[in-house]
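First up is the structure itself, then whatever we jot down about it.
What you see is a predicted model; the values in this text were computed from it and never measured.
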Amino acid sequence: MMTLFDSAAPIPSHSVAAMLAVFLGGWQLFSEKGTRGHRIFGWAWVCLMIYVAGSSLFINELNFWRTLSPIHVLSAWTLISLAIAVFQARGGNIRQHRLWMLSLYVLALLLTGIFTLWPGRLLHQVVFGVA
């Protein structure tokens, strides 16, 4: 049976960082806002997301346009959205910060996570044990 760590770099570290980001992001969404802990864990989440989006640019399993795929477009959107979300928080626009962070969590982590379980994808093999 194939494990996640049998795959080529950066897939294992990308996957682990994405899973950590799912849990930490969920915690952030439901924890108290505006606290020192929220800011510390928020920066940790942003760093995880930068790694997840950045490392995905080096994963070329789905090639729609030469070496690019819709995932690469989402990665660019993620990096831009992270910058906007941080800018909004630092500027005191907490409503916009919340909207950007929630959309990042849902679209860049949860929705893409579901697509990684699609039959024929590596994570589908790892989780369900079938190709």
Exercise for the section: Heavy atoms only: give me the nearest His124-Leu117 pair and the separation to one decimal. Expected result: CD2-O, 2.8 Å
Handout entry: His72 (side chain) donor-acceptor with Ser56 (main chain) under 3.5 angstrom
Key = yes
Practice task
Report the distance from atom OG of Ser103 to atom CZ of Arg98, rounding to the nearest 0.5 Å.
Solution key: 13.0 Å
Fill in the blank from the handout: By side chain to side chain contact (heavy atoms under 4.5 Å, CB included), Ser15 pairs with (sequence neighbours left out) Leu4, Ile11, Met19
Handout entry: Within one Ile-Leu-Val-Met-Phe-Trp-Tyr cluster: Leu79 and Leu99, side-chain cutoff 4.5 Å
Key = no
Handout entry: Cluster link Phe87 to Met49, ILVMFWY, side chain under 4.5 Å
Key = no
Fill in the blank from the handout: Sorted by chain and number, sequence neighbours left out, side chain to side chain contact (heavy atoms under 4.5 Å, CB included) with Leu48 holds for Ala17, Leu20, Ala21, Leu24
Handout entry: Verify same cluster id: Leu107, Phe23 (apolar side-chain graph, 4.5 Å)
Key = no
Exercise for the section: Using the test side chain to side chain donor-acceptor pair (under 3.5 Å), find all partners of Tyr105 that sit at least two apart in sequence or belong to another chain. Expected result: none
Fill in the blank from the handout: Taking every heavy atom of Gly37 against every heavy atom of Gln28, the minimum-distance pair comes out as O-OE1, 4.4 Å
Handout entry: Interatomic spacing from CG in Asn93 to CH2 in Trp100 - rounded to 0.5 Å
Key = 11.5 Å
Exercise for the section: Look up atom CG in Leu123 and atom CZ in Phe128, then write down how far apart they are to the nearest 0.5 Å. Expected result: 8.5 Å
Completion exercise
In short, Ile59 meets Pro10 closest at the heavy-atom pair CG1-CG, 3.9 Å
Fill in the blank from the handout: Between the CZ atom in Arg90 and the NE2 atom in His97, the distance rounded to the nearest 0.5 Å is 11.5 Å
Exercise for the section: Report whether Trp27 and Val46 are members of the same hydrophobic cluster (ILVMFWY, side-chain heavy atoms less than 4.5 Å apart, transitive linking). Expected result: no
Exercise for the section: Work out which heavy atom in Trp45 is nearest to a heavy atom in Met101; give both atom names and the distance. Expected result: CZ3-SD, 3.4 Å
Fill in the blank from the handout: All heavy atoms of Val52 vs all of Ala18, minimum pair found to be CG2-N, 3.5 Å
Handout entry: Residue pair Ser81 / Leu104: nearest heavy atoms and the distance that separates them
Key = CB-CD2, 3.7 Å
Exercise for the section: Might you confirm whether atom OH of Tyr51 has over 12 heavy atoms from other residues, nucleotides or ligands at distances under 6.0 Å? Expected result: yes
Handout entry: ILVMFWY cluster, Leu29 and Ile94 together (side-chain gap under 4.5 Å)
Key = no
